[in-house]
**Q** 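Shown below is the structure under consideration.
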2 protein chains.
Amino acid sequence: MSEQPNHFSLLIGQIWSAYKKQFTRIEVPAKTDLLKEGETAQKMFFIETGSVRVWHNHNGRDITCQFFFENNMVSSIESFKKDIVSPITIQTIEACVIWWIDKREMKKIIEEMKEVPQLRDMLVDALFERTFDYIKHFTTYILNTPEQRYLQVLRDRPELVQRIPQHYIASYLGITSVHLSRIKNKLAKGK
Amino acid sequence: MSEQPNHFSLLIGQIWSAYKKQFTRIEVPAKTDLLKEGETAQKMFFIETGSVRVWHNHNGRDITCQFFFENNMVSSIESFKKDIVSPITIQTIEACVIWWIDKREMKKIIEEMKEVPQLRDMLVDALFERTFDYIKHFTTYILNTPEQRYLQVLRDRPELVQRIPQHYIASYLGITSVHLSRIKNKLAKGK
DNA sequence: GACCGACGATAACATTTGTTATCAAATTAT
DNA sequence: ATAATTTGATAACAAATGTTATCGTCGGTC
């Protein structure tokens, strides 16, 4: 979840520098679906520039679950790993430069990595890291109010508030855009 | 998160059957702290019988984050792995039979496992599985109302509603016990 | 058996959050 | 440049959820 340098970004850097040739570069406009809900993930994407969101159609409501920026890889991870249909859509927010790789190629890379002790440890550590991030993320939904969650995002991921339309952030925070607007208004007055 | 058989429970079964001799058996009454918030985890616990919860003190409020039952291992995983102080308390709910293992021993086991391809894959798969579970869990906090989350728990983890005091479940669902009581009342009338 | 603490239900009231609608500003397409 | 679309603010009202307090039940303890 976090954008700080960690095992996950190290791992991506490693993959990216060693296997770049196996990726294909594309340029896509804003609001392009890289993977649609209901399809099975056949690719994994590396974002060179731009922003991407992962969202889920919940009873006709568009709920944003995650945001991704430069130098990150994104896929419907469970669909990718288990060959099941994706519960989520992956969509660009801004125009993007994306590099994609075929699922089979990527799985080969992962198998190769498992044979190299250093990379294998990096993989395991990265998975731990991801798990920690998710624990933290969902914990804030129990512990904190929407206002506190917004302040947390403001503090920990300011690029998000700067680059992402507010209604996506609202659904990411689990509230309506009307309510987020109220929170912002209240915070502005308080200052 | 889930209690269904998966890579994680297979992994635990594997560890448990192969390394049981290195664990120490203890019997503890209900409401025993196995690890206190602020301490650094020195042990990992295997639950033979009984139930355990993980909770966090949030501004004086007791917030339950997770429940564990028989045949599961529990630790403050981030504290365990990174030697940082634990943000959570691990406490028995019912009287338990617990087997604990020292952190150093457990880390040796994990290193040994990494050398055995089959176990190593199981470890990686288990971490993926955990990550998926967490994604699912925190997703429901964005997607679902407290009532829907309660119905989900009723359906997916009925043992939880049967064995765990209601106010723990309420804080696990992110609501007050008063509100959970209202939900139950409403559901009872609806039927 | 009496007492005590933990647990759960309920009521009355306060606060938070959602819903719907309208408008203005900003952005994009033609 | 103009029109269309997207985005964000706001208001009025409805629904959901929290807060505090009271009460009854149940299980253990002395």
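Everything numeric in this text was worked out from a predicted model, so none of it was measured. Every heavy atom of this structure was used, including side-chain atoms; hydrogens, water molecules and symmetry mates were not. Chain A is the first sequence line, chain B the second, and so forth, proteins listed ahead of strands; every chain is numbered from 1.
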**Q** Provide, to the nearest angstrom, the distance between the NZ atom belonging to B:K31 and the P atom belonging to D:dG28.
**A** 13 Å
**Q** So, B:T131 and A:R130: side-chain donor and acceptor under 3.5 Å apart, yes or no?
**A** no
**Q** Please state how far atom CZ in A:R182 lies from atom P in D:dC13, giving the value in whole angstrom units.
**A** 14 Å
**Q** Write down the distance between CG (A:L173) and P (D:dG8), rounded to a whole number of angstrom.
**A** 13 Å
**Q** Check this for me: B:R25, atom CZ, are more than 12 non-hydrogen atoms of other residues, nucleotides or ligands nearer than 6.0 Å?
**A** yes
**Q** Starting at atom CD of A:Q166, determine the distance to atom C1' of D:dT10, rounded to an integer number of angstrom.
**A**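 These atoms are roughly 12 Å apart.
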**Q** Please answer: with hydrophobic residues joined when any side-chain heavy atoms are less than 4.5 Å apart, are B:I15 and B:I110 in the same cluster?
**A**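 Same cluster: B:I15 reaches B:I110 through Ile, Leu, Val, Met, Phe, Trp or Tyr contacts under 4.5 Å.
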**Q** Atom NE2 of A:H167 and atom P of D:dT7: how far apart are they, to the nearest Å?
**A**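 Answer to the nearest Å: 4 Å.
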**Q** Are side-chain N/O atoms of B:S76 and B:S86 paired as donor and acceptor at under 3.5 Å?
**A**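 There is such a pair (donor and acceptor under 3.5 Å, judged by atom type) between the side chains of B:S76 and B:S86.
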**Q** Among D:dT19, D:dT17, D:dT7, which nucleotide sits nearest the side chain of B:V178?
**A**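 Output: D:dT19.
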**Q** What's the CD1-P distance between A:I169 and D:dA9, to the nearest Å?
**A** 11 Å
**Q** Keeping to residues at least two apart or across chains, list the side-chain hydrogen bond (donor to acceptor under 3.5 Å, both in side chains) pairs with something in residues 35-48 of chain B.
**A** B:E48-B:W99
**Q** Rounded to whole Å, how long is the line connecting atom NE2 of B:H179 with atom P of D:dG18?
**A** 6 Å
**Q** What pairs meet the ring pair (Phe, Tyr, Trp, His ring centres under 6.0 Å) rule with one or both residues in residues 22-48 of chain B, with sequence neighbours excluded?
**A**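 Matches after skipping sequence neighbours: B:W16-B:F23, B:W16-B:F46.
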**Q** Output yes when at least one side-chain N/O atom of B:T176 is less than 4.0 Å from OP1 or OP2 of D:dG18, else no.
**A**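 Checking B:T176 against D:dG18: at least one side-chain N or O falls below 4.0 Å of OP1 or OP2.
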**Q** Contact class for B:L180 (heavy atom, under 4.0 Å): base, sugar-phosphate, or nothing?
**A**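 B:L180: no heavy atom of the nucleic acid under 4.0 Å.
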**Q** What is the separation between atom CD1 on A:I175 and atom C1' on D:dA16, rounded to the nearest whole Å?
**A** 15 Å
**Q** Can you confirm whether the side chains of A:Y19 and A:E112 place a donor and an acceptor under 3.5 Å from each other?
**A** yes
**Q** Students should find this one: the first and last nucleotides of DNA chain C, 5' to 3', lying under 4.0 Å from a heavy atom of chain A. What are they?
**A** C:dT17 to C:dT20
